[in-house]
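Naming: A, B, ... by sequence-line order, numbering from 1 per chain. The figures here come from the full heavy-atom set of this structure, side chains too, leaving out hydrogens, waters and symmetry mates.
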Amino acid sequence: MTLDLAAQLNPAQLEAVQSLDGPQLVIAGAGTGKTRTLVYRVANLVHSGVAPESILLLTFTRRAAREMLRRASGILDERCQRVAGGTFHSFANLVLRRYAQQAGYADGFTILDSSDSADLIALLRADAGLNKRERRFPKKGTIQALFSRVINTGRPLEELLDEQYPQFLEELEALEALQRSYGERKKLQNVMDFDDLLVNLRDLLVAHEGVRQRLASSYRSILVDEYQDTNRLQAHIAALLASRHSNLMVVGDDAQSIYSFRGADFRNIMDFPQLFPQAKVTTLEQNYRSTQPVLDLGNAILASAREKFDKRLFTEVPGDVRPRLIHLEDDYAQAQYVCREILALREEGVPLTAMAVLARAAWHTNVLEVELGHRNIPFRKFGGLRFVEAAHVKDVCALLKLGVNPRDEAAWFRVLQLYEGVGPATAQRVSGAVLAAGGDLAPLAAPALAGRRYGEDFKALKALLEHLARDGTTVPEKLALAIEAYRDLMPKKYDDVQRRLRDLESLDTMAAHYAQMDDFLTDLAIDPPEMGRREETAEDTEDEWLTLSTVHSAKGLEWDAVFVVNLTEGQFPHYRSMEDETAYEEERRLLYVAVTRARRRLYLLHPQAVSRRGGYQDDFGAVSPLLADVEALGPLGDWVDEENFWDLEEGSEDDGGDGGGAGGDSGEVLSRIQSYFG
DNA sequence: GGGAATGCGTTTTTT
DNA sequence: ACGCATTCCC
């Protein structure tokens with residue numbers, strides 16, 4: 001098997017792909033073949049004899065990793081499928097399961113997703129009596145987000161409070177105490193939240209020399225995609241893993257950094273050469289995705305950015321259809337317009353699969369979804385509320401979790417309250433008793449409960465959990481047991497039992513792929529299925545569908561035609577980002593990401609009113625200030641600007657659309673890592 | 001005391 | 001439609 005790299009790559013890409021050793025930074029603008037470069041580099045590494053298992057590809061989603069390895073296999077051969085790949089979180093999970101003891105945990109720890117962790121925090125808040133106070137105490141979700149930010153940015157709680165919630169500064173001490181008890185309680189319950197996965201991996205690598213040596217030796221080459229969206233913790237982990245061979249390639253684009261709300265810091269990119277002074281830096285500037293008019297708009301959006309990183313993308317992709325900015329009365333008119341345009345494009349031969357509607361927030365497409373339904377246009381929705389976040393799915397998962405880890409208090413709290421006559425107080429009492437017994441289920445059958453309404457129910461629950469904990473039963477069998485028990489409990493909580501049961505059935509198809517229940521549950525938390533919440537109208541097997549997505553979930557993807565909806569002040573940019581400059585700048589980059597998803601056709605839609613809960617926003621919304629900034633620049637905002645308020649009745653005609661190893665030994669690298677990360 | 005029913009305000013982005 | 005707080009009822 002030969003690899004004709006020169007024929008497939010431009011000089012800059014080729015350079016990045018061919019230098020197999022040493023640290024490398026690739027700055028890759030949108031559409032410049034970043035993924036291509038990574039894929040070819042993986043193939044080239046394997047081709048040159050590096051064992052696939054010793055290559056680690058860290059990406060933003062697991063889907064991205066799978067896709068890249070599939071492509072690498074297509075270029076070279078099946079060996080590429082054996083490359084280790086995934087997200088930082090999934091990799092951390094893998095390592096921590098192997099070294100649970102060294103990390104201070106027991107085997108079979110369970111994962112808390114953000115809402116689980118918020119629930120646990122709420123329990124502790126109630127324990128500490130912080131509920132019944134004169135002053136309002138922050139909501140559980142707010143506290144959870146704060147704690148998470150402390151971890152992911154490495155900044156002190158006080159600073160973050162001062163910045164974001166000055167009204168809660170007076171509660172600093174109470175919050176710090178809560179933070180401590182939250183940390184202790186998780187250990188006690190043998191659970192980790194998302195942040196613990198990263199923290200514990202880093203701590204493991206720092207504190208356990210032997211483990212670090214083993215991992216750093218076994219990963220001969222490490223590649224990190226979307227490096228601009230990593231946080232400090234992740235950068236530290238990547239550096240530690242590369243401490244032996246220094247073969248770390250990071251790829252990213254500062255202009256596409258859109259996850260700072262999660263602690264991502266694009267300075268990781270800027271500082272990379274500081275950490276690895278021998279780093280080779282490659283910049284990819286030729287865009288292979290979009291036409292010049294689309295790119296011009298992208299460049300213009302960046303041009304008004306507060307912090308400029310001079311990078312001008314150019315393209316040779318032919319095409320001169322200018323982007324269109326369309327002003328509409330409201331989001332119903334917007335939905336009409338988008339549908340008609342989509343159908344028109346399809347007539348012209350653009351397949352549905354090559355079109356996407358992108359939005360700042362998942363709910364922005366709600367009105368459109370109804371309209372698409374009316375017109376029988378099949379679609380899939382990405383981003384926003386996940387399948388696994390639906391209350392009934394969480395309920396069943398909580399049951400399953402207790403089979404794996406009977407110390408998981410958040411799961412207990414959820415499960416117990418499913419029973420008639422059980423509220424927060426009883427649930428907490430019983431789960432407290434189980435926890436105090438180290439996870440023994442005996443308290444469920446305690447004589448004191450016998451006379452209660454739920455006495456018998458709890459005995460049945462005990463039997464169920466014992467069965468779920470048994471080794472001989474398969475994952476799908478356990479799931480079936482849990483659903484069967486849950487079916488009887490549903491009417492207390494929901495009136496649409498049938499619909500929810502159907503969702504649970506789809507869990508079943510997933511469960512079939514797993515031999516271990518904890519793997520199944522972990523994957524549900526860390527790598528949730530991206531199925532649209534809306535039932536696929538016709539058949540699941542529909543092979544032509546339109547993509548609806550949040551801009552965040554559209555990262556790295558591309559379509560022939562892209563519609564960006566709700567470009568209205570307060571919607572996009574989100575109103576909460578308008579006071580804060582750094583947040584506003586991130587909205588700008590977010591719009592940049594959105595428009596650079598388009599290959600040939602780009603529609604920017606500005607509904608003047610956006611419906612909320614049936615009604616309308618009080619006042620009429622101006623066009624997004626992000627676009628106003630571009631307009632102010634003059635010729636670069638050279639889009640087709642049209643108003644389309646009236647002519648939208650079904651069937652009416654309108655104007656239609658056209659529109660490594662190189663330097664430094666392990667010790668030297670380590671000391672640099674140490675001095676950088678402290 | 002604790003659980004259930006009622007009413008109100010509210011929607012960012014994700015591992 | 002959902003989470004939250006208040007009120008109502010056993």
Side-chain angles (χ1 to χ4, degrees), chain A residues 58-64 86-93 111-119 122 131-132 136-142 144-145 148-149 151-152 192-198 226 229-231 233-234 257-264 358-364 366 382-386 388-391 416-417 419-429 452-454 492-496 522-528 530 533 549-555 566 570-578 583 586-587 589-591 593-594 610-615 617:
Chain A
L58 292 169
T59 56
F60 208 70
T61 62
R62 283 221 250 174
R63 190 164 119 240
T87 63
F88 276 92
H89 288 87
S90 68
F91 176 72
N93 172 65
I111 307 285
L112 302 181
D113 67 23
S114 338
S115 74
D116 295 331
S117 91
D119 288 344
N131 282 351
K132 309 259 174 223
R136 284 172 60 84
F137 202 73
K139 289 197 278 222
K140 62 179 181 181
T142 308
Q144 189 273 331
S148 181
R149 260 190 99 68
I151 304 288
N152 285 295
M192 291 191 201
D193 63 20
F194 288 142
D195 302 328
D196 291 326
L197 288 169
L198 300 182
E226 309 280 11
D229 281 323
T230 55
N231 62 37
L233 209 44
Q234 292 167 315
S257 155
I258 55 176
Y259 277 91
S260 71
F261 69 91
R262 207 170 89 179
L358 306 184
R360 173 68 181 85
W363 63 270
H364 286 173
N366 285 166
F382 299 89
L385 261 190
R386 300 261 153 117
V388 286
E389 285 170 72
L416 293 171
Q417 286 188 86
Y419 292 88
E420 209 69 54
V422 182
T426 309
Q428 197 161 3
R429 213 170 40 237
R452 308 276 182 162
R453 193 152 33 137
Y454 39 80
K492 178 192 170 188
K493 246 174 123 174
Y494 311 105
D495 30 11
D496 53 347
T522 304
D523 275 6
L524 279 177
I526 295 184
D527 186 29
E530 297 186 84
R533 285 169 297 160
S549 176
T550 58
V551 180
H552 284 90
S553 295
K555 193 163 81 155
N566 284 16
Q571 307 289 330
F572 194 169
H574 189 268
Y575 74 100
R576 294 196 54 169
S577 303
M578 305 233 316
E586 181 144 309
E587 298 283 324
R589 293 190 296 270
L590 199 54
L591 180 60
V593 169
V610 172
S611 53
R612 276 170 92 194
R613 226 188 344 140
Q617 225 178 359

Which nucleotide in the list [options] gets nearest to the side chain of [X]?
{"X": "A/Pro424", "options": "B/dT15, B/dG3, B/dT11", "value": "B/dG3"}
{"X": "A/His574", "options": "B/dT11, B/dT13, B/dT15", "value": "B/dT11"}
{"X": "A/Tyr259", "options": "B/dT14, B/dG2, B/dT15", "value": "B/dT14"}
{"X": "A/His552", "options": "B/dT11, B/dT15, B/dT13", "value": "B/dT13"}
{"X": "A/Trp363", "options": "B/dT15, B/dT11, B/dG2", "value": "B/dT11"}

Any N/O pairs under 3.5 Å between the protein and nucleotides 4-6 of chain B? List them or say none.
from: B/dA4; atom 1: OP1; to: A/Gly421; atom 2: N; distance (Å): 2.7

Provide the closest heavy-atom pair for A/Thr87 versus A/Phe60 in the form atom of the first, atom of the second, distance. CG2-O, 3.4 Å
Check this one for me: any side-chain N or O of A/Thr426 less than 4.0 Å away from OP1 or OP2 of B/dG2? no
Using a 4.0 Å heavy-atom cut-off, does [X] contact any base of the nucleic acid, only the sugar-phosphate backbone, or nothing at all?
{"X": "A/Ser114", "answer": "base"}
{"X": "A/Phe88", "answer": "nothing"}
{"X": "A/Tyr575", "answer": "sugar-phosphate"}

Pairs under 3.5 angstrom, nitrogen or oxygen only, protein versus nucleotides 8-10 of chain C, please.
none

Dump every N/O contact between nucleotides 3-6 of chain C and the protein below 3.5 Å, one line per pair.
from: C/dC4; atom 1: OP2; to: A/Lys140; atom 2: NZ; distance (Å): 3.4

Verify, without hydrogens or angle tests, whether A/His552 (side chain) and A/Ile258 (backbone) share a donor-acceptor contact under 3.5 angstrom. yes
Under 6.0 Å from the six-membered ring centre of A/Phe382 and within 45° of its axis: does the NZ or CZ of A/Arg63 meet both? yes
